[in-house]
Amino acid sequence: MASIQIGDQAPAISGVSQTGQAVSLAEFFGQKVVVLYFYPQDNTPICTAEACAFRDAYEDFLAGGAVVIGISGDSRESHAQFASGRKLPFILLSDEDGAMRRAFGVPKTLGILAGRVTYVIDKQGIVRHIFNSQFSASKHVTEALAMVKKLATEAA
């Protein structure tokens with residue numbers, strides 16, 4: 001499984017959101033910067049902290065012209081409950097078969113735990129930033145937001 005690297009074209013993955021809507025990454029290409037974050041599981045302490053940090057910075061991401069998408073192997077129903085309970089305003093995609101994770105080559109931690117990796121993808125669909133840290137949940141948000149702001153400045 002080859003991992004996506006900075007400078008690579010992002011795979012045009014698609015899935016079903018917590019609201020049941022079909023979402024394709026390609027629909028944002030040419031329009032929005034995409035912050036795509038893979039996380040292990042809904043309602044676990046670090047994953048919840050990460051999701052809430054993205055929620056709390058959501059307006060800043062929107063101001064930078066970005067959309068935020070979270071992906072885990074949980075079901076659409078689990079995502080719906082997680083998003084509702086934590087008031088998450090962004091898209092959560094269900095990757096129950098792991099196809100999206102494989103498409104990006106998201107590594108497992110210690111060979112067993114689903115990895116926590118954030119990708120920032122520019123409007124042309126090119127991966128511009130990757131942050132991989134299983135335990136620094138809030139740093140995923142600060143790293144992604146810094147790149148979104150940089151991309152917004154470059155586009156201005």
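Given the structure is predicted, the values throughout are model-derived calculations rather than measurements.
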> At what distance, to the nearest 0.5 angstrom, does CD1 of I121 lie from CD1 of I69?
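Reported to 0.5 Å precision, the distance equals 7.5 Å.
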> Is it the case that the side chain of D8 and the backbone of A10 share a donor-acceptor pair, with hydrogens and angles ignored and the cut-off at 3.5 Å?
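It does not hold such a pair.
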> Side chains of V67 and V33: closer than 4.5 Å at any heavy-atom pair?
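No; the side chains remain at least 4.5 Å from each other.
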> What about I4 and F28, same hydrophobic cluster or not, with Ile/Leu/Val/Met/Phe/Trp/Tyr joined at side-chain heavy-atom distances under 4.5 Å?
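Per the 4.5 Å side-chain linkage, I4 and F28 are co-clustered.
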> Cluster question for you: counting only ILVMFWY and a side-chain heavy-atom cut-off of under 4.5 Å, with indirect links fine, are I46 and Y39 together?
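Not linked; separate clusters.
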> Can you measure from NZ (K123) to CD (Q31) and round to the nearest 0.5 angstrom?
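Atom-to-atom, K123:NZ and Q31:CD are 9.5 Å apart.
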> Quick one: does V117's side chain get under 4.5 Å of I130's, heavy atoms only?
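V117 reaches I130 side chain to side chain.
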> Hey, does Q9 have a side-chain heavy atom less than 4.5 Å from the side chain of I126?
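I126 reaches Q9 side chain to side chain.
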> Do F54 and Y37 have their ring centres less than 6.0 Å from each other?
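Ring centroids of F54 and Y37 are less than 6.0 Å from each other.
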> Below 4.5 Å, heavy atoms only, C-beta onward: do I91 and V68 meet side chain to side chain?
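Sidechains of V68 and I91: no contact.
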> Measuring only between side-chain heavy atoms, which start at C-beta, is H129 closer than 4.5 Å to Y119?
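No; the side chains remain at least 4.5 Å from each other.
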> I'd like to know whether H140 forms a ring pair (Phe, Tyr, Trp, His ring centres under 6.0 Å) with F131, so could you lay out the CA-CA distance, the side-chain angles of the two residues, the decisive distance to 0.1 Å, and finally the verdict.
CA-CA 6 Å; H140 283 265; F131 183 72; 4.7 Å; yes
> For residues R116 and N132, report the shortest heavy-atom separation together with the two atoms involved.
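Heavy atoms of R116 and N132 come nearest at O-OD1, 3.4 Å.
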> Output the distance between atom OG1 (T48) and atom CD (Q41), rounded to the nearest 0.5 Å.
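T48 atom OG1 to Q41 atom CD measures 9.5 Å (nearest 0.5 Å).
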> Would you check, one step at a time, whether the test side chain to side chain contact (heavy atoms under 4.5 Å, CB included) holds for S78 with D42?
CA-CA 7 Å; S78 175; D42 293 341; 2.8 Å; yes
> May I have the step-by-step check of side chain to side chain contact (heavy atoms under 4.5 Å, CB included) for H79 and S17, ending in yes or no?
CA-CA 8 Å; H79 282 337; S17 77; over 6 Å; no
> Does any non-hydrogen side-chain atom of F82 lie less than 4.5 Å from one of L92?
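Yes - at least one pair of side-chain heavy atoms lies under 4.5 Å apart.
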> Could you tell me which non-hydrogen atom of S24 sits nearest to which non-hydrogen atom of S14, and how far apart they are?
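So the minimum-distance heavy-atom pair works out to CA-CB, 3.8 Å.
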> Using 30° and 60° as the class limits, which term best fits the ring planes of F90 and Y58: parallel, tilted or perpendicular?
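The rings of F90 and Y58 sit tilted, inter-plane angle from 30° to 60°.
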> How many angstroms lie between OG in S75 and CG in D95, if you round to the nearest 0.5 Å?
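Rounded to the nearest 0.5 Å, the OG-CG separation comes to 12.5 Å.
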> Does CD in Q81 sit with more than 12 non-hydrogen atoms of other residues, nucleotides or ligands closer than 6.0 Å?
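No, not enclosed.
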> Closest heavy-atom contact between A83 and Q18?
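That closest heavy-atom pairing would be CB-NE2, 3.9 Å.
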> Between V16 and L93, is any pair of side-chain heavy atoms under 4.5 Å apart?
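No, too far: nothing below the 4.5 Å cut-off.
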> Search all heavy atoms of L88 against all heavy atoms of A51 and return the closest pair with its distance.
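Where L88 meets A51 most closely, the heavy atoms are CD2-O, 3.7 Å.
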> Hey, any chance F29 and I71 share a hydrophobic cluster, counting ILVMFWY side chains that come within less than 4.5 Å of each other, even indirectly?
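Yes; tracing contacts between hydrophobic side chains, which count when under 4.5 Å, links both residues.
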> Which heavy atom of V35 sits nearest to which heavy atom of A144, and what is that distance?
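So the minimum-distance heavy-atom pair works out to CG1-CB, 3.8 Å.
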> Would you call K149-E154 a salt bridge at under 4.0 Å N-O?
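Judged by the 4.0 Å cut-off on N to carboxylate O distance, K149 and E154 do not form a salt bridge.
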> Show the nearest heavy-atom pair for residues K87 and P89, with the distance to one decimal.
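Reported closest heavy-atom pair: O-CD, 3.4 Å.
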> Quick one: CZ on F104 to CD1 on I13, what's the gap to the nearest 0.5 Å?
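Here the rounded value is 4.5 Å.
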> Between CD of Q134 and SG of C47, what distance do you get to the nearest 0.5 Å?
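The distance works out to 7.5 Å.
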> Is the backbone of S136 close enough, under 3.5 Å, to the side chain of S133 for a donor and an acceptor to pair up by distance?
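Side chain of S133 to backbone of S136: a pair is present.
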> Under 4.5 Å between any side-chain heavy atoms of L151 and R128, yes or no?
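Answer yes - side chains close enough.
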